2 protein chains.
Amino acid sequence: MATLKQVAKLAGVDSSTVSRVVNNDPSLSIKLETRERILKAIEELNYSPNLAARNLKKKETKILGLAINNFFNPVMASIIHGAELRANKEGYNLLVYSSEHSQSKIINSLVDRHIDGLLISSLTFEEEDILKLNDKNLPIVSVNRKVLGMKNYVVVNDMQGAKLGVKHLIEFGHKKIAHISGPLYTSTAVERLMGYRTALNEGDIKFISEYVQESENSIDDGYIAMEHLLSLSNRPTAVFASSILIALGAMKAIQEEGLTIPNDISLVGFHDVYFAEAIFPRLTTVKMPLEEMGDKAIGKLIDIINKKDNGEGIIIPGERIISRDSVKRLV
Amino acid sequence: MATLKQVAKLAGVDSSTVSRVVNNDPSLSIKLETRERILKAIEELNYSPNLAARNLKKKETKILGLAINNFFNPVMASIIHGAELRANKEGYNLLVYSSEHSQSKIINSLVDRHIDGLLISSLTFEEEDILKLNDKNLPIVSVNRKVLGMKNYVVVNDMQGAKLGVKHLIEFGHKKIAHISGPLYTSTAVERLMGYRTALNEGDIKFISEYVQESENSIDDGYIAMEHLLSLSNRPTAVFASSILIALGAMKAIQEEGLTIPNDISLVGFHDVYFAEAIFPRLTTVKMPLEEMGDKAIGKLIDIINKKDNGEGIIIPGERIISRDSVKRLV
DNA sequence: TCCCTTTAGACAAACGTTTGTCTAAAGGAA
DNA sequence: TTCCTTTAGACAAACGTTTGTCTAAAGGGA
C-alpha cells in the first residue's frame with residue numbers, strides 16, 4: 001500500500017501538499033502543473049488514504065453503528081436498506097450489531113469502536129442503556145420506535161397508518177372489527193392501538209375491549225391471540241393486525257379453524273413486506289415508507305454528528321393501503 | 001476519552017508499561033503491586049484503547065466486510081446471524097455492504113476501509129472482481145455458493161439436500177416429480193438440480209426434461225415456472241422447488257389455478273425459513289444448517305487472515321427434511 | 001567483596017495522516 | 001530600484017498506540 005510520503009517523493013513535493021490535494025483543501029494554492037504531477041503519482045502508485053491514520057488524526061471513523069434485534073424481521077430489512085444507501089451516499093459505512101448479545105457487551109463494543117454514531121431499533125435497549133451511551137457523548141437516533149427519554153427518533157406515522165387500515169375495513173362495511181395489538185410497552189403498538197380507536201370513533205363504532213388482544217410480535221403469539229378472538233361469542237368479522245408477523249399467525253389460526261379469509265374473517269396486516277403478495281390469500285396491508293425512514297434516520301444521525309440537528313423528532317408521512325384479497329366487502 | 005499517557009501518569013509509570021498490561025504482553029515483567037496500580041488507574045479514568053491508533057500501528061482493523069445482494073432474503077438473515085455471532089466471539093465486527101451499489105464502488109470502499117477480510121455471498125461479484133480483490137491481497141471467503149476460480153468457499157451440501165427433498169417425495173409415493181430450479185449460472189442451483197436427478201435415478205424414475213423449469217430466485221419467476229408445469233399435458237403430482245421464494249411463487253400459481261396443496265400437487269421447498277411454518281398450507285422443506293454455514297465461513301476467513309487455513313473449501317453436512325402439510329402420500 | 005544475571009520498567013521510534021505556521025520566490029505598484 | 005503583497009508549497013508537530021532496545025536496581029553465587 002502506497003503512503004502519502006511515497007506519493008510526495010514521486011511527485012517531488014511535500015506530503016502535506018499531497019494531503020491537501022487529496023482532500024481538496026481550499027487553503028492550498030498550487031500550480032496546475034504541480035497538481036497534475038501529484039495526481040499522476042497517486043494514480044501510478046494506486047494510492048488510497050490509510051483510514052486508520054486519518055481516523056486517528058481527525059477523531060472520526062466514518063462508521064455508524066446499527067443495533068437491531070435480529071435480521072429475521074422483514075420490516076428491518078427495508079429500514080436497513082434505506083439506511084445503508086443513505087449512509088454510503090454520505091460517505092459512511094454501517095456496522096451492524098444484532099442484540100443477541102447482552103446490551104452491555106454491545107455498548108462496550110460500540111464505545112471501543114469509537115463509531116461516530118448509532119442507530120437503534122431494538123427493544124433490548126432500555127432507558128438506562130441510552131443514558132449510558134449519552135454519557136459517552138455518542139450521537140444516537142432511535143428508528144421506528146420512540147424510546148422513553150429520547151427526543152432523537154425517526155418514526156413513521158403508526159397512528160395514521162393504523163387508522164387507515166381500520167378505516168379501510170369500515171369502508172368495506174365492517175363494524176365488528178377486532179385488533180391484535182403488539183406489545184404495549186412499545187410505542188409503535190400503542191400508536192397503532194390509538195389509530196384503531198380513532199378510526200372506530202370516527203366511524204361511530206363502539207369500542208369493545210374484548211376485541212383488542214395484546215400479543216408479542218411473533219407468529220406464534222398472533223396465532224394464540226387470533227384463536228382467542230375466534231372463541232368469542234360475538235365473533236368479529238374483521239381483524240386489524242398490528243404487524244405482519246401477527247397477521248401471519250392470525251391467518252394460520254383462522255385457516256386451521258377451517259374458516260376462510262376473507263369469506264369468514266377479513267384481515268388487514270401492518271407493513272407491506274415482500275411476501276404479502278405471495279401468501280394465500282394475498283394479504284391486504286398498510287404500507288409504510290420504511291426505506292425512507294431508514295434514510296431519514298441516517299440523515300438525522302449525521303446532522304447530530306455535525307451539530308446541525310434541530311433536536312426534534314421526525315414523523316414520516318406517506319402511509320397507504322395496499323388492497324389485495326384478504327378483505328371482503330359486506331353489503 | 002482517557003489515553004494511555006494519562007493512565008501512565010496517574011499510575012506513575014511509562015505508557016509502554018500500561019500498554020503491555022492492557023495487552024497482557026508476556027514479555028513484561030512487573031510487580032503485582034504496580035500492575036494493580038495501573039489497573040486501578042485504568043478503571044478510574046475509564047480508559048479504553050483508541051482503536052484508530054491501534055489499527056494504525058498493527059495494520060489490522062478487526063473489521064470484516066460482508067457483501068450480500070440484499071437484506072430481503074430470509075436465507076441470508078440466517079447466514080448473517082451465524083456469521084455475526086462468530087465474528088463477535090472472535091473479536092471482530094461486521095461491516096455490511098449490500099450490493100445495490102456497483103461492484104467497483106464496493107471494492108473501492110472495501111480497499112479504502114482496509115478491512116481485514118471479506119465474506120461474499122453475492123451474485124454480482126464475478127470472477128474478475130474477485131481477482132481484483134485478490135490482487136489487493138484481501139482475504140476472501142465465498143459463503144453459500146462456489147465462485148469460479150475461488151477455492152475459499154463455505155457451502156452447505158446442496159446436492160444432498162435436494163436429493164433428500166426429492167427422496168421424501170418418492171417415499172410418499174410420487175413418481176411424476178417436477179423441479180423448478182434456480183438460475184443455472186449459480187452453483188447452488190446446479191447442485192440442487194444434480195441432487196434431483198440423482199434421487200430420481202436412485203428411485204428408478206425416468207428423468208423427463210420438461211419437468212425441469214429454470215427460474216430466477218424470485219416469487220414472480222417461481223410463479224411463471226409453476227404455471228408452465230401446470231399447463232403440461234402430463235402434469236406432475238409433485239414439485240421440488242429450488243428455493244423458498246420459488247416455492248412461494250409456485251404455491252401462488254397452484255392456488256390461483258384453483259388447485260389445492262397437497263391434494264392436487266405436493267410441494268417441497270428448499271431452506272426452512274421462519275414463515276414456512278406459518279403459510280397455508282404449512283410448507284414441507286429441506287432444512288440446511290445455515291447459521292452454522294455463516295459461523296464456519298467467518299472461521300475460515302479468520303484462519304486465512306492468520307495464515308492458518310488449509311486452503312480447502314468446506315461443505316457443511318446436516319441437511320434434514322422438515323415434514324409439514326404440503327406433501328400428500330400417494331397409495 | 002565483586003561480578004554476573006534477573007527483574008522491573010523506562011525510552012524512543014514508528015505507524016500515516018492532518019493542519020497551523022513559516023518562507024522563498026514572484027509579481028506589482030510607486 | 002525598493003517595498004509590499006500574493007502565490008506556492010515546505011516544515012514540523014500531533015493524534016494514541018505498539019514494540020524493540022536499553023538501563024538501573026536487586027538478587028545470587030563464589
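Below, each value reflects all heavy atoms present in this structure, side chains not excepted, and no hydrogens, waters or symmetry copies. In what follows, chains are A, B, ... by sequence order, proteins preceding strands, each numbered from 1. All figures in this text were calculated on a predicted structure; none of them were measured in a lab.
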At under 4.0 Å between heavy atoms, what does [X] touch on the DNA or RNA strands: base, sugar-phosphate, or nothing?
| X | answer |
| --- | --- |
| A:N23 | sugar-phosphate |
| A:S27 | nothing |
| A:T3 | sugar-phosphate |
| A:L4 | base |

Checklist line | Contact nearer the 5' end of DNA chain C, comparing B:T17 with B:L56 | finding: B:T17
Checklist line | Of B:A53 and B:D14, the one whose closest DNA chain C nucleotide lies more 5' | finding: B:D14
Margin query: Is the ring pair A:F71/B:F71 parallel, tilted or perpendicular, if the boundaries are 30 and 60 degrees?
Written below: parallel
Is [Y] paired with [X] through a side-chain N to carboxylate O contact shorter than 4.0 Å?
| X | Y | answer |
| --- | --- | --- |
| B:K31 | B:E36 | no |
| A:K62 | A:D116 | no |
| B:D303 | B:K308 | no |

Next item on the list: Working to the nearest 0.5 Å, report the span between CE of B:M288 and CD1 of B:I316.
Entry: 9.5 Å
Notebook entry, point to check: Just how far is it from atom CD of A:E33 to atom CD1 of A:I38, taken to the nearest 0.5 Å?
Noted result: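 With rounding to 0.5 Å, CD (A:E33) is 11.0 Å from CD1 (A:I38).
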Margin query: With heavy atoms of chain B within less than 4.0 Å as the criterion, where does contact along DNA chain D begin and end?
Written below: D:dG16 to D:dT21
Item checked: Relative orientation of the end axes in the helix from C:dT1-D:dA30 to C:dA30-D:dT1, expressed as an angle to the nearest 10° (five pairs per end) ->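 The two end axes of the helix from C:dT1-D:dA30 to C:dA30-D:dT1 meet at 50°.
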Margin query: Test your reading of the model: is there a side-chain donor-acceptor pair from A:K146 to the backbone of A:G313, 3.5 Å cut-off?
Written below: no
Next item on the list: Please identify each residue that fulfils salt bridge (charged side-chain N to carboxylate O under 4.0 Å, His left out) with B:E291, with sequence neighbours left out.
Entry: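 B:E291: no salt bridge (charged side-chain N to carboxylate O under 4.0 Å, His left out) contacts found.
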